[in-house]
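This is a predicted model, so every value here is computed, not measured. Scope of the values below: all heavy atoms of this structure, side chains included, with no hydrogens, waters or symmetry mates. Per chain, numbering begins at 1; letters A, B, ... match sequence-line order.
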Amino acid sequence: MRFIFKTRYEQDINLIQHNGQLFWYGLLIVALLAIPAAASPYLLTQMSQMLIYTIIAFGLMLLAGFTGQMSLGHAAFMAVGAYTEAVLAIAGWPFFLSVAASGLLAAIVGVIIGLPALRVKGLYLGIATLAFGTIVEEVIARAEHVTGGNAGLMVPPIQLFGLRFADGPAFYYLCLGFAIAAALVLINLLRSPTGRAFVAIRDSEISAQSMGVHLATYKTLSFSISAAFAGVAGALYAHNIRFLSPDQFTVVQSIELLMMVVIGGLGSIHGAAFGAIFLIALPQVINAVKPLMPSALAEATGLQPTIFGMMLILTVLFEPLGIYGAWLKLKAYFDLFPFYRKGMFRRQKAFQKSDRLK
Amino acid sequence: MTAPVLTEPILTLANVEAAYGAVKAIRGVSLSVAKGAIVTVLGANGAGKTTILKTISGILDPQKGAITFKGEPIDRRDPAEIVRRGLSHSPEGREVFPLLSVRNNLLMGAFTRSDRDEIARDLELVESYFPILKERADQEAGLLSGGQQQMLAISRALMSRPDLLLLDEPSLGLSPKLTQDIFSIVKRVNRERGVTILLVEQNAAMALETADFGYILEHGRIVMEDSCAKLRDKDDVKEFYLGLKDVGVRGHRRWKKKKMWR
Amino acid sequence: MSGHLFEAKGISVQFGGLRAVDDVSFTVAKGEVFTIIGPNGAGKTTVFNIISRIYDATTGTILLEGQDITQVAPHRVASLGIARTFQNIELFEHATVLQNLLIGAHIHRTTNPLTEALFLPSVRRAEVALREHVERIIDLLDLAVHRDSMVAGLPYGARKVVELGRALATKPKLLLLDEPSSGLNVEETEDMAFWIEDITKDLGITVIMVEHDMTLVSRVSDRVLAMNQGRVLALGKPDEVQRHPAVIEAYIGRPALEVVPT
Amino acid sequence: MQIVQLVISGLAQGCIYGLIALGFVLIYKATETVNFAQGELMMIGAFAGLFAATTLGLPYWLVILAAMAATALIGLAIERVVLQPILGHPAFSIVMVTIGLSYMARGLVTMIPVVGTDTHALPVPFRGEIFRLGTLVISAEHIVIIAATIVLCGLLAAMFHYTKVGIAMQAMSQNQLAAYYMGIPVKRLSGLIWGISAAVAAIAGILLAPLTFVHANMGLIGIKAFPAAVIGGFTSLPGAIVGGLIIGVVESLAGFYLMEGFKDVAAFVVVLLMLVFKPTGLFGETARKKV
Amino acid sequence: QTQGVTPTQITLGSIQDLSGPAAGYGKQIRSGLQMYFDELNARGGIHGRQVRLIVEDNAYDPRKALLAAQKLVNSDRIFMMIGHLGTAQNMAAMPVQFERNVPNFMPVTAAREMYLPAQPLKMAFATAYYDQLRTMLPEIVKERALKRACVVYQDDEFGLEVMRGGEAALATLNQTFVERASYKRGATEFSSQVARLKAANCDLVVMGTIIRETVGVLAEAKKIGLDAVFVATSAAYTHLIPQLGGPVAEGFYAVTTTAHPYPDDPNPAIREWAVRYKAKFGEDPTVFSAYGWQIGNLFYEAAVKAGQDLTVESFLRAMETPYGTDLFGSQGCAITAQNRLCNNSARLSQVRNGRWVITRDWVHGAIPTH
Ligand SMILES: Nc1ncnc2c1ncn2[C@@H]1O[C@H](COP(=O)(O)OP(=O)(O)OP(=O)(O)O)[C@@H](O)[C@H]1O
Ligand SMILES: Nc1ncnc2c1ncn2[C@@H]1O[C@H](COP(=O)(O)OP(=O)(O)OP(=O)(O)O)[C@@H](O)[C@H]1O
Ligand SMILES: [Mg+2]
Ligand SMILES: [Mg+2]
């Protein structure tokens with residue numbers, strides 16, 4: 001057990017609360033920096049992909065986990081970012097400019113998609129975003145002269161300072177940089193008034209309003225920040241995948257993004273990262289254990305979706321707070337080690353209340 | 001007041017402990033409610049009164065201890081099943097069905113019953129207690145005022161014709177006049193229909209006047225139990241629960257006196 | 001203390017066929033504690049909802065410091081200096097007490113999302129300042145023990161205090177308290193009385209309160225407005241209103257119960 | 001005439017959307033969660049019908065009953081195994097579970113040896129039969145679909161409004177805790193509603209089978225049924241059907257009169273317009289919190 | 001040392017749709033390939049090397065295809081990508097392969113991008129949808145004296161290719177499409193599309209459709225009485241069309257390359273092959289199983305020619321020599337440095353009495369040069 005005596009208010013505000021944290025996060029960064037030395041090119045691409053999804057997860061977590069707005073159209077923001085980046089890269093824009101443009105354009109689309117959020121909540125918002133996502137997908141497919149339509153679009157590699165950032169360690173470090181920056185932005189927002197306003201909207205719109213929080217402003221702000229994250233991640237994604245087509249950004253993809261934050265643990269920043277790791281690692285793990293399965297099962301066509309669905313169900317069933325929840329328990333277990341009591345984490349009966357009145 | 005004939009207990013709690021996650025809310029509570037009696041539990045904010053009631057009606061599973069209702073154990077049962085055994089609970093926070101009409105709310109109170117005529121008669125009865133419920137029969141319950149919802153919650157609990165009625169702060173948010181009415185209704189229901197009542201109240205004066213037997217709860221423990229007549233005589237009860245000092249509870253002192261349970 | 005801080009001129013609200021508030025006018029002087037009483041469903045909370053702009057008045061105007069605020073947007077009300085608590089408690093359940101209070105101070109933010117994203121030193125300074133402001137409220141209301149607890153796990157009484165604290169954190173001129181003492185026991189009601197006194201005397205905040213506890217009402221209010229069925233029944237000094245026959249008839253019932261120790 | 005023909009086709013297709021939407025609304029009304037696996041229940045129902053018709057060789061009306069029964073059982077089982085343990089958790093968690101279920105259902109179906117990833121045809125007695133009314137053509141399949149939809153909707157709406165169990169289901173969706181306090185057997189009713197909506201899904205599946213065949217991904221049509229339910233207000237059974245019909249007709253007309261691609265997004269454009277102009281849908285009640 | 005080749009083993013990769021909308025095909029191609037290589041390994045392999053085939057799933061999603069390609073190329077270090085299914089999927093995977101000098105051998109998609117622009121690492125066998133129509137459509141139009149051609153197509157690259165091929169074919173006859181209607185992939189309802197065709201009085205409908213959509217369109221057309229000649233590409237040439245469509249599929253045409261291997265095929269070798277296939281996989285083979293087998297066979301022949309020292313270069317050199325017909329009567333393979341397509345021939349089949357019958361034998365299209 002660790003007791004921290006606080007003597008100044010700043011201590012609550014600081015990024016790092018104590019030396020233990022400093023040590024572990026430091027270690028994590030060092031490990032992340034060291035990965036290219038050990039990883040195969042394939043693994044490195046996967047790691048980059050993971051970092052890219054982490055950025056999306058951060059954004060979606062801000063929206064779904066902290067502002068309480070459901071988005072079933074997040075792939076659309078990714079698509080806007082990815083296509084903007086591709087088109088601008090082809091037009092020869094320098095990377096940092098084009099990536100900024102991708103984020104910005106996605107944010108603008110985010111504001112537009114966020115507009116229904118001003119009138120509808122919960123489930124309805126989910127459907128509205130789903131509808132919007134589908135329409136964006138269709139628009140991309142139709143705007144053939146810009147996006148290449150259903151035939152797809154090849155994305156040129158990033159050229160930065162005369163160097164090629166197409167793949168390998170260079171691209172990985174680029175993604176890492178963006179992911180760390182995204183994490184910092186998210187944490188900073190959450191420890192300041194904006195983040196608290198988001199949480200207020202999530203918990204009670206009516207009293208958020210009487211505290212002077214302008215619902216429309218903050219909801220659209222949350223949508224646009226979240227979309228900007230997805231847009232920037234989409235831009236990186238475009239370079240990692242190098243081939244864009246509208247069917248990479250469907251409703252199913254949006255649902256998978258949402259799945260990612262739920263499995264990771266809704267309402268926590270760590271959870272976002274865990275979710276991204278899960279989403280990318282699971283197919284790898286399934287492939288890795290395939291040789292161990294009976295061949296009939298290993299060759300079964302529906303294996304991957306089945307396992308995906310099963311993991312999602314098991315997570316919600318046994319660990320509603322997702323991977324992050326499990327992580328917390330593990331930590332508590334070790335912190336308390338000899339004093340750990342069995343009933344401590346027993347789940348209570350829970351009772352659902354109507355969302356229609358919020 | 002004449003003490004009613006105290007028969008065997010209809011409800012007993014033996015050494016019950018309940019917790020919210022890692023927070024223990026009640027610790028080793030033992031109490032018993034005699035059949036036909038009105039029993040009250042008093043205690044400060046956060047003492048665990050609501051928790052006791054929730055544990056009895058199965059909303060919360062006790063970690064330890066046993067709860068017996070009509071001679072059978074009811075701990076760790078499905079709440080709906082406990083209700084069907086003849087227990088009814090008017091919860092803290094009203095908990096009406098906001099989008100159902102007032103009438104349907106009341107009918108849901110009688111969900112476990114199938115005697116149509118009797119239900120109709122009970123409906124008339126509760127509507128005579130609180131005429132507003134009849135006036136607003138078709139209004140959505142969620143749009144009632146706070147006090148009206150409270151009346152609805154109590155009436156709804158009565159509609160199941162329980163053997164044991166748990167009332168959690170029934171007077172919360174009611175006007176002084178209705179508060180008096182509520183307690184007389186409680187008494188009437190108890191006398192006329194033989195319903196046993198377990199009452200949790202902040203209005204200690206009223207509670208002690210209405211009930212036969214009382215428990216005092218502090219920090220999740222029962223610190224005192226006695227007949228209400230005797231409880232009303234204790235100095236600490238007078239001071240902390242009845243406010244019977246010349247000038248308020250603490251006079252003009254802003255600091256708090258420690259309670260010393262004797 | 002010249003002029004009114006707040007004035008309601010002939011306000012009415014119609015819900016379908018129901019006139020919940022019917023031509024109500026009153027003024028509140030600066031520094032005053034103005035109490036609204038009335039039977040359940042009289043329209044007291046609705047008056048609050050009009051003032052805090054959750055409902056639109058069907059007719060009538062409301063003025064704050066002479067300025068017409070009948071049409072302002074609901075989220076602007078806080079910056080005009082009006083804060084409120086809710087009858088059924090509307091806190092941010094999945095946030096700590098500290099965070100709840102900080103959200104209360106939202107209108108006093110000096111930073112914007114861009115500087116916050118980078119957490120510039122100015123943001124840090126602003127955060128510390130906000131925190132200091134909020135800590136003073138925590139001290140005043142004795143909330144230090146709950147500072148880092150999730151609101152979801154607090155007992156009813158503590159939540160009432162947190163809500164009061166959150167309203168104070170907006171640094172209001174006019175504070176609307178909807179049944180501040182409901183669910184509190186005598187001792188806690190006493191605390192509430194002290195706080196209301198402090199709020200008006202030391203912080204200079206004007207209070208409009210809806211309350212059913214007549215002891216508290218007599219003790220803290222300067223003037224009392226009694227309502228019934230949406231209309232004004234009586235307006236005046238607390239004891240005058242309490243003695244008003246119509247008020248006794250509709251609201252108080254028989255004289256407050258005296259518990260005489262036997 | 002052209003337009004009438006288009007409207008008729010649209011209505012028939014709309015009934016299918018409506019039937020799936022009906023399943024959404026049923027579960028929503030009783031548990032206030034959205035079942036993303038409703039389309040997959042429909043797929044399971046269609047496969048059950050296929051099995052009854054081809055392997056068992058049952059007559060058509062028995063095929064329907066058998067499929068309804070089998071799917072209802074599966075619905076019950078799903079409820080019992082994965083939903084009951086988290087009953088009472090936030091709606092969002094339950095939605096995620098149903099998404100997981102839909103993935104699993106799609107995956108598992110393809111693992112069944114004979115079924116696999118193939119497309120199958122369900123033998124139907126009235127297949128290909130058409131009635132002509134002047135130049136108008138109405139197929140028997142469509143008439144059956146429309147009739148079945150109306151009957152089902154009427155029955156279920158009556159259940160919700162007039163029976164104690166129906167009202168109790170609404171009650172438990174609004175305040176589960178209070179439902180327990182009233183002795184409403186929340187768990188049993190939740191199982192019951194899953195069974196019923198699975199049976200409705202089975203009917204939808206069997207009615208849809210002649211039009212789109214039976215295959216593992218046929219449930220994806222459920223995505224179009226969401227807008228239908230929303231347009232109807234999500235809490236109204238007739239609303240679901242009306243919403244479905246609107247979407248069916250709009251699609252049909254958009255496909256004929258508007259430019260390419262409009263047919264596919266028509267449903268979503270309509271639902272967005274609806275949400276902007278009347279967020280509660282055509283028949284939804286405006287629920288506002290009183291403070 | 002060439003990637004994926006050891007003294008005892010050749011590692012090949014393939015990406016199929018094993019869980020998505022085209023999973024039926026993917027599995028059959030996999031089975032065809034697997035059957036060929038299993039039998040080959042049992043015979044002793046290629047110059048003493050066993051062939052190991054690693055199949056990845058792309059769920060018909062280009063993104064997954066790309067990741068699968070990265071895995072196969074970088075992690076499993078395959079020698080060659082063989083029989084990859086899907087146009088967009090191949091488009092996504094090829095850059096990854098080519099960066100590591102991994103050839104794309106005989107993808108199962110009839111898109112022109114599989115051999116154009118010409119590139120040594122591209123090798124294709126499937127006559128492009130575009131060319132299928134360009135060669136075959138004028139024949140039908142002239143034969144049946146059709147005047148009003150229409151098209152209904154899936155709104156993606158596949159459907160557009162069909163539409164463009166039809167346009168090119170009609171251009172040679174000074175005709176154009178009088179009506180076009182499209183639908184989104186996965187659509188189940190075609191009433192408004194068919195209504196448009198009917199309103200335009202079409203007598204020929206070119207179909208850029210696959211299976212369910214084909215049957216859906218045919219059924220709707222029959223219902224509202226649109227009486228026309230329906231022609232599709234090899235994408236709709238599968239036994240499922242007559243099986244699902246029943247009477248509505250009668251008379252429907254599809255361009256064909258390899259013929260469906262019916263268990264009662266007149267050719268005893270094919271009959272015997274079908275029996276082996278059924279014994280191994282428990283189901284009757286389809287034309288996709290045959291594609292898989294043909295691709296495996298062509299790889300074998302070229303690899304044998306390449307000799308003991310198997311490298312990408314030696315294999316490509318061997319590939320640029322002519323190959324003859326195979327078990328299924330293919331028109332051989334004549335790949336050159338400029339032409340990366342085996343041949344551009346096609347035939348035409350029609351559904352008669354519930355099965356496919358070849359109605360016009362091989363027509364040789366021009367060698368593609370674009
Ligand atoms: N949902 C919860 N999660 C965590 N702790 C809780 C929860 N509900 C209650 N508690 C804790 O349990 C203790 C007992 O609460 P309970 O509500 O039973 O008190 P009470 O006596 O009814 O108080 P009140 O008079 O305010 O209603 C309190 O300390 C409270 O903090
Ligand atoms: N949104 C609404 N729609 C319909 N009727 C309403 C609405 N809000 C309040 N009412 C009705 O208006 C009347 C006044 O309600 P209000 O909440 O103001 O009462 P109150 O005086 O605060 O009572 P209490 O002391 O019980 O809280 C009640 O009869 C209530 O049913
Ligand atoms: Mg309580
Ligand atoms: Mg009120």
Tell me, side chain or backbone of [X] under 4.5 Å from chain A's heavy atoms, or both, or neither?
X         : value
Val186(D) : neither
Phe234(D) : both
Thr31(D)  : backbone
Val82(D)  : both
Phe277(D) : backbone
Leu87(D)  : backbone
Val97(D)  : both

With chain A, which of [options] has the greatest number of heavy-atom pairs at distances under 4.5 Å?
options                        : answer
Val270(D), Val95(D), Val230(D) : Val230(D)
Leu83(D), Leu220(D), Val276(D) : Val276(D)
Val269(D), Thr33(D), Leu272(D) : Leu272(D)

Aromatic plane relationship, His120(D) with Phe47(D) - under 30° parallel, 30 to 60° tilted, over 60° perpendicular: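 Phe47(D) and His120(D): perpendicular rings.
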
Short N-O contact, Lys224(D) and Glu251(D), less than 4.0 angstrom: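 Yes, Lys224(D) and Glu251(D) are salt-bridged.
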
Salt-bridge present (Glu205(A), Lys219(A); N to O < 4.0 Å):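 Yes, this pair counts.
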
State, without any angle test, whether [X] and [Y] hold a side-chain donor-acceptor pair at a distance under 3.5 Å.
X         : Y         : answer
Gln253(A) : Gln248(A) : no
Thr129(A) : His74(A)  : no
Ser190(D) : Glu79(D)  : yes

Where Ala57(A) and Met260(A) come nearest, the two heavy atoms and their spacing: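 Closest pair (atom of Ala57(A), atom of Met260(A), distance): CB-CE, 3.5 Å.
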
For the student: nearest non-hydrogen atoms of Leu101(D) and Ile78(D), plus distance: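 Closest heavy-atom pair between Leu101(D) and Ile78(D): CD1-CG2, 3.4 Å.
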
Using heavy-atom distances under 4.5 Å, tell me whether [X] contacts chain D through its side chain, its backbone, both, or neither.
X         : result
Val262(A) : side chain
Ile307(A) : neither
Met70(A)  : side chain
Leu266(A) : side chain
Ile113(A) : neither

Centroid separation Tyr257(D) to Phe262(D) less than 6.0 Å: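 Ring-ring flag for Tyr257(D)/Phe262(D): false, centres at least 6.0 Å apart.
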
Spacing of Ile231(D) atom CD1 and Leu273(D) atom CG [to the nearest 0.5 Å]: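 So the CD1 of Ile231(D) and the CG of Leu273(D) are separated by 9.0 Å.
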
Residue selection (most heavy-atom pairs with chain D, distance under 4.5 Å) from Ser207(A), Ala128(A), Ala141(A):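 Highest number of heavy-atom pairs under 4.5 Å: Ala128(A).
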
